Every structure is written in C-alpha cells, then in structure tokens.
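Only one structure is covered here, and it is reproduced in the block below.
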Amino acid sequence: MNLGNLNQAQKEAVTSIDGPVLVVAGAGSGKTLVLTYRIAYLISQQIDASRILALTFTNKAANEMKERIRNLIGSKADYLTMGTFHSTFAKILRIEAPKISFTPSYSIYDTDDSLSLIKNILQDFDISENFINPRVVQSKISNAKNKMIKPIDYVNNFFGMNEDKVKIIYEEYQKRLLLSNAMDFDDLLLKPIELFENHNDVLKKYQNKFNYILVDEYQDTNTSQYYLLKLLSDGSKNICVVGDDAQSIYKWRGADIRNILDFTRDFSNAKLVRLEQNYRSTKSILGVAGSVIRRNANQIEKNLWTQNPVGEKVEIRECIDDRDEANYICKEITIRMISKKYSPKDFAILYRTNAQSRSFEESLIRGTIPYSIVGGVEFYKRKEVKDVLAYLRLLINPKDNESFLRIINFPSRGIGDISISHLKKVANDKNLSLFEAIDFIREYEGINDQIKKNFISFRDMIQKYKAVIEKFSLSEFVRSIIDEIGILKIFKEENTEDSLNRYENIIQLINAVQEFSKSNPHKTLVDFLNDVTLISEIDNWADKANSVTLMTLHSAKGLEFKNVFITGCEEGLLPLTRDSNTDDLEEERRLFYVGCTRAKESLCVSFARNRNRFGNLYPQTRSRFIDEIDDNFVEYGSTQLLKFSVKRKKIREIVSGEPKISHPHMPSYEDYSQENKILTIGSKVQHDVFGNGVVRQLSGFGDSMKAVVEFEEGFQKHLMLKFAKLKLL
DNA sequence: GCAATTTACTTTTTT
DNA sequence: AGTAAATTGC
C-alpha cells in the first residue's frame with residue numbers, strides 16, 4: 001500500500017495498528033484521510049474487514065468514508081461495520097433485543113416522542129406543567145442517562161427542589177418505555193451496556209468480532225459511549241480514537257471533553273499522535289482561529305501550522321442590523337462569483353441559531369442566488385409525516401403507546417380524551433399496551449357501545465394491514481395504508497396553503513419509501529423506520545448541489561468551504577447566553593473556532609449593531625471573540641463605507657443565468673418534468689395542486705434539485721423538482 | 001367531540 | 001414573527 005502522500009505523523013497514525021492510539025487531529029490536518037488510510041492499511045495487513053468497527057458522528061461521514069475506502073481497496077469495504085454510535089448499536093440491539101426484554105421490532109422514540117411521554121406521565125401523576133416543566137424534566141433525565149445514572153441512583157447525584165419528583169418521573173419513564181417496547185436515543189447507548197454487562201457471552205461475541213475499533217470525533221463522546229468503547233475494546237485493546245479537544249461542541253448533549261483529555265490515562269500504554277499541519281486554510285484564517293482558541297484554559301497542547309499562503313485578510317464587518325448583514329453577505333457572494341470565479345457551492349453562511357437563517361434566505365432569494373439550508377424543521381419531524389409513521393410503527397410494534405395516542409383519533413374517528421382514559425384503565429388492569437387492551441374492551445361496563453365499536457374497528461383496520469404486510473412491496477404497502485387513512489383526501493379538500501403543503505409532504509414521504517426500497521431491496525419496514533428516526537439533516541445535505549450553504553455552526557463541524565461567513569458575532573448570541581451561566585463560554589469559543597477553521601480561502605466575521613429577536617429590535621454589542629482576534633490578520637469594514645462599482649444589472653444577468661453569456665460557474669439547470677426541457681429562473685410552470693406560477697430561484701442538481709416558485713395566487717413554494725412534477729408552460 | 005379563535009412561547013446547538 | 005398550545009363556542 002502506498003503511503004507516500006502522507007506526512008510523518010499521518011503515517012504513524014495509519015500504521016500504529018496494535019494497542020490504543022489517540023490521534024489528536026487539529027482542524028484541517030487530514031483526519032479523514034488518516035482514518036480511511038488506516039482502515040485500508042488494516043485490510044492490507046490481512047485483517048478481515050468484518051472485524052473492523054468504525055464509529056462516526058454522522059451517517060454522512062460514515063457513508064463518505066466508506067466510499068473513499070471502496071476507492072482504495074474495492075468491494076471488501078462492504079464488509080466494514082461503519083456508522084454512528086446510535087445506528088450501529090440500534091442494529092445490534094435488533095438482534096439481541098430478547099435478551100433485555102425487548103423485541104426486535106422495538107420503536108425508537110425521538111425527542112418529541114419522549115417529551116410527549118413525559119407529558120403523559122405528568123398528567124397521570126397529576127403534576128401541573130406549571131409546577132414542573134416537562135422539557136426541564138426531559139433534559140434532566142437525558143443528562144442523567146448520558147452520565148449512566150439509573151433512576152435508582154438519581155437523587156444521590158443531583159440536588160435541587162424537584163429532584164425527588166424528577167426521580168419518580170424518570171423511574172416511570174423507563175417503565176413505560178419498556179412497556180411500549182421502545183427506546184429513546186440515550187437507551188440506544190445504555191441498553192447495549194446493560195446487554196453486555198448481563199450477558200458475558202454476548203460481550204465476548206462482539207469483542208471477538210470487532211478486533212479493531214476506530215472512533216471519529218472522539219472529543220464529542222459521552223460517558224456511555226466511552227464505557228461502551230471500554231467494554232468492546234477490552235479484549236483486543238486495539239482502539240484508535242481521533243479527535244480535537246478544541247472542537248468539542250456537544251457538552252449540552254452529554255459529551256464529556258475529559259474522555260479525550262484523559263484517554264492516555266484510561267487506556268494504558270496508549271500511543272499519542274499529533275497531527276499539527278493544517279492543509280486547509282490560509283495563514284490569516286489560522287491566525288484568527290488560533291488567537292481566539294488560545295484563550296481557553298483546558299486543552300491539549302498543540303501547535304497548528306500551515307505551509308499555505310497568507311491569503312486575504314479576514315474581514316470583520318460591522319452591520320446596521322440583521323437585514324443589512326444579510327444584504328452585505330449576499331452582495332459579497334455575488335461580487336466574488338463574478339470577479340473571482342467562485343460558484344455558489346464555494347460559500348457557507350454559518351450562524352449560532354437556526355432562527356437566524358430567515359434574513360439570509362430573503363436576501364439570497366432577492367439576489368437570485370441558489371442556496372440550501374441544513375436544519376430547521378426536519379422533514380421526518382413534521383406532524384403529518386410523523387402521523388403516517390406512527391401508523392407504520394404501531395403496525396410493527398403494537399405495544400407502542402405513543403404512536404397509538406398520536407393516531408387513535410387522527411383522522412378523527414370519534415374517540416376523545418374520555419374514551420382514551422377508559423381504554424387506559426383497561427390497559428392498566430390487564431397490564432397491556434393500549435392497542436392490545438382493545439381486545440378486552442367488550443368485557444368492560446360503563447363504556448358506551450359506540451365507543452367500543454370505534455376502538456374495535458380501528459384495531460381491525462390495523463390488523464388487516466398487519467396480515468398483508470408480506471404480500472406487498474414496501475412502497476405499495478405504505479401507499480395503500482395512506483389511502484386507507486384518507487389523509488391525502490383530507491388535506492386536498494381542506495384546500496388551504498398549509499394543508500396543500502402537508503399534502504406535498506405526504507407525497508414526498510411515499511417517494512422516500514420508494515427510493516429506500518429501491519436502493520435497499522432486502523431491507524424491511526423496521527429498517528426504514530429505524531433509518532428515518534436516526535437520520536439527521538446534515539446526512540441529507542447534498543453537497544453536490546451547486547448552492548450556497550446555510551447552516552448552524554454545529555452542523556458545519558467536519559466540513560470545509562472556500563468562503564465562510566460567520567454571522568451574528570454578538571454578545572449573547574455568539575457566545576450565546578441563556579441565563580447568567582458563563583460556564584459554557586469555553587465551549588462557545590470552541591464553536592467560534594470550529595466556524596473559522598471551516599474556511600479555506602476567505603473568512604468574514606460579521607456582527608450587527610441591532611438585531612431582531614421575537615419581532616423586536618434589540619441593540620447588540622460585538623462579541624468578545626472579535627476583540628480576542630489578533631489584529632494582524634484582519635481588516636475592518638462597515639456598511640457606511642460601502643461602495644459598489646459593479647453594475648446591478650450585470651450582477652443580475654450573470655447570477656440568474658438567464659442571458660446569453662454562458663458563465664462556466666453557473667450551471668444550466670435541467671428540468672425533471674416529463675418534457676425534460678430546460679427550466680430557468682423566470683420560467684412559467686404549472687403544478688398539479690398549486691396551479692400556475694413563475695420560477696424565482698433554483699438550487700441543487702439531479703434528485704436534490706429544488707425550485708422556489710411564485711404562484712399566481714401570490715404565495716411562494718419551495719419544491720423538490722423530482723416530486724413536484726412541474727409542467728413547463 | 002370538534003373547529004375556530006386566542007394566547008403563550010420560542011431561540012441554542014442534535015443522535 | 002411564526003408556531004404550538006390552550007381556550008372558547010358550537
């Protein structure tokens with residue numbers, strides 16, 4: 001195997017295959033390269049690919065790495081076990097579920113499901129939500145679970161006013177998850193620990209299987225992840241973790257930076273390799289990033305350097321307000337696209353909170369610059385989508401009470417709160433789930449016959465589909481159950497902008513199922529639901545799309561762009577403060593550092609003197625992080641001094657791609673409608689549901705291509721061309 | 001039990 | 001400002 005293109009430290013990280021290894025990989029130091037080469041190297045040393053376990057932070061990172069490895073070593077890569085902690089252990093749990101009192105078709109509760117379960121418990125315990133905030137309880141429970149604290153040990157570890165109540169709710173919460181044959185995200189890490197600790201044979205099996213373990217983004221692992229790694233690597237001791245303590249940004253999710261700081265102590269005889277040469281950024285960008293991160297007290301000593309040129313100075317831009325900030329960035333992008341031959345995909349606009357995206361969207365639409373947003377309201381968390389998924393979940397897991405409660409009266413079948421509380425009584429008496437309890441409802445006095453019938457016909461409907469699940473293909477099955485529920489009809493008849501949107505989303509869901517079964521022919525409904533729950537927005541982000549990327553600083557971790565804008569650098573926003581809690585300042589600084597180090601060629605740090613929050617304008621002061629930046633690497637700009645030499649018309653011409661001048665960096669977009677004509681900005685189109693309209697904006701390529709269409713009735717819609725089936729007029 | 005209207009709350013970041 | 005929850009009237 002040729003390792004010639006690696007530097008000395010990288011080579012060492014790749015070839016030190018025996019025993020524990022910690023690779024402290026500075027930003028842009030070739031971390032992914034090292035991981036992929038290390039795996040390829042292991043296989044070249046006659047190690048069976050099926051014996052390698054590689055854990056990543058996102059599914060996207062896993063898929064990309066697998067692809068790169070396949071390019072290096074071919075189809076052997078298919079035998080690797082790669083994925084996020086959550087998805088990898090979710091799969092193991094499907095196999096081993098009976099050993100810990102679950103079934104292989106257990107449900108995974110996302111944070112919304114888990115919150116609604118907590119609300120149900122509060123209600124049943126007669127605790128007012130004004131007295132105890134369910135969200136607070138949820139985060140307390142999750143924090144405890146991330147630290148591997150069981151309900152029994154709860155109060156011993158936390159002291160506070162309602163902690164005794166939280167303990168009782170936590171106990172009940174775990175009890176009900178078990179009764180529902182469901183696990184939350186935290187359980188996907190905790191249950192494997194329980195499994196391994198109580199079943200030594202199972203632990204041995206996986207220790208033997210996974211002789212070589214690799215972990216990416218180790219700085220963001222939590223206590224249970226650490227413990228899982230400890231258990232699994234205990235046989236072979238061959239564990240290699242890669243991370244950068246300066247980029248640890250998930251403390252709020254339970255990540256414990258001590259895992260990486262203490263690695264060499266926890267895993268005896270661990271080798272430490274430092275990757276300190278940065279290949280990504282200019283000296284200016286690195287200078288800015290370094291001068292800020294230096295203020296953090298807790299970190300592994302390292303010296304990040306680069307042979308890259310000094311490059312442009314980093315711009316610090318003072319703006320009047322958030323709209324001005326958005327307009328400035330939009331113009332800057334336009335100018336750079338014209339003068340420096342950048343294309344939309346070379347830009348990223350980063351912000352601390354998702355809510356900040358709106359003003360950028362507005363400006364980019366006006367400037368006819370294609371963009372794509374990562375995050376926000378996720379598709380699979382939308383109400384109508386989750387409702388359909390709840391039907392599917394209940395089908396394969398009849399114990400799933402949360403799914404049952406979601407859909408028992410949606411669409412409306414005359415079953416209200418009173419009827420449900422009757423059923424709850426039956427379920428309690430018989431120690432069954434709500435769905436199972438319907439079988440016994442006839443025996444009960446005091447329940448209206450009509451209501452009994454309503455429940456029973458719901459049960460029969462679900463049973464009917466359960467009986468035929470094998471006879472259909474996955475997408476036919478989902479399609480027919482959606483028809484049975486009749487929600488498409490309901491949304492269409494309601495005929496409001498909102499309901500038509502929901503209609504489109506259901507269509508998109510059907511298409512997603514279709515696509516899933518096409519690319520995974522032997523996977524089942526359980527697999528689909530599993531994937532859908534554990535997928536993140538960044539996993540879906542098509543970086544091949546030629547559009548400006550808008551996302552949070554958190555989502556940007558692990559990515560790189562030629563031009564980066566870090567926006568909203570104001571006290572209270574970045575660093576973000578919720579209360580007077582200054583404890584997380586170092587983490588906010590790391591977040592700023594992560595943002596800076598995404599940039600390859602240019603970086604602009606902006607702040608606004610006034611910012612709209614909750615509809616009101618608030619005066620802002622610039623972030624302390626800006627003041628921490630070494631002046632030698634920056635130039636200052638503000639809106640008052642702004643003058644443009646570029647003519648408006650020319651900007652519009654080039655960016656919209658409309659005129660005859662063909663610009664190499666602005667691709668022409670193909671239409672995915674039946675006619676396959678060229679769709680451009682300004683094209684008149686027809687949509688089945690929304691009627692006629694004009695294309696205002698285009699983004700993305702191929703399957704992920706999107707258009708913003710302004711319809712005649714005066715509203716705008718973001719449409720996936722693949723699904724929307726627009727007709728060109 | 002349901003739809004329409006009013007009110008409350010949101011903004012941390014995500015598997 | 002925009003959405004979800006809560007309340008009201010039918």
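Quick caveat, the model's predicted, so the values are computed rather than measured. Each chain gets a letter, A, B and so on, in the order the sequences are listed, and its residues count up from 1.
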Check whether more than 12 heavy atoms from other residues, nucleotides or ligands sit under 6.0 Å from atom [atom1] of [X], and answer yes or no.
X: A:Arg323; atom1: CZ; answer: no
X: A:Arg258; atom1: CZ; answer: no
X: A:Arg135; atom1: CZ; answer: no

Touch check for [X], heavy atoms < 4.0 angstrom, all strands: base, sugar-phosphate only, or nothing?
X: A:Tyr250; value: sugar-phosphate
X: A:Asn612; value: nothing
X: A:Thr533; value: nothing
X: A:Leu553; value: nothing

Without decimals, in angstroms, what is the distance between [X] [atom1] and [N] [atom2]?
X: A:Lys119; N: B:dC9; atom1: NZ; atom2: P; result: 12 Å
X: A:His554; N: B:dT12; atom1: NE2; atom2: P; result: 12 Å
X: A:Arg611; N: B:dT12; atom1: CZ; atom2: C1'; result: 14 Å
X: A:Glu586; N: B:dT13; atom1: CD; atom2: P; result: 22 Å
X: A:Glu570; N: B:dT12; atom1: CD; atom2: P; result: 16 Å
X: A:Asp113; N: B:dT14; atom1: CG; atom2: C1'; result: 15 Å
X: A:Arg502; N: C:dT3; atom1: CZ; atom2: C1'; result: 10 Å
X: A:Gln219; N: B:dT14; atom1: CD; atom2: C1'; result: 15 Å

Per nearest nucleotide of DNA chain B, the residue lying toward the 5' end, A:Thr58 or A:Arg352, is A:Arg352

Ranking A:Leu534 and A:Asn133 by the position along DNA chain B of their nearest nucleotide, the one closer to 5' is A:Asn133

Of the listed nucleotides [options], the one nearest the side chain of [X]:
X: A:Arg253; options: B:dT14, B:dT12, B:dC2; result: B:dT14
X: A:Thr353; options: C:dA5, B:dT15, B:dT12; result: B:dT12
X: A:Leu576; options: B:dT12, C:dG2, B:dT15; result: B:dT12
X: A:Asn409; options: B:dT15, B:dT11, B:dC2; result: B:dC2
X: A:Thr552; options: B:dT14, B:dC2, B:dT12; result: B:dT14
X: A:Glu588; options: B:dT12, B:dT15, B:dT11; result: B:dT12

With a 4.0 Å limit, can you tell me whether [X] has a side-chain N or O closer than that to the phosphate oxygens OP1/OP2 of [N]?
X: A:Asn354; N: B:dT13; result: yes
X: A:Ser419; N: B:dG1; result: yes
X: A:Asn222; N: B:dT15; result: no

Any N or O donor-acceptor pair under 3.5 Å from the base of B:dT12 to the side chain of A:Trp252?
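Side chain to base: no pair below 3.5 Å.
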
- prompt: Are the side chains of A:Asn146 and A:Thr223 in touch, meaning some heavy atoms are under 4.5 Å apart?
  reply: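 Sidechains of A:Thr223 and A:Asn146: no contact.
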
So, A:Ser180 versus A:Glu402: side-chain donor-acceptor pair below 3.5 Å or not?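 Not at all, the side chains of A:Ser180 and A:Glu402 share no donor-acceptor pair under 3.5 Å.
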
Ring center gap for A:Phe607 and A:Phe625 short of 6.0 angstrom: no

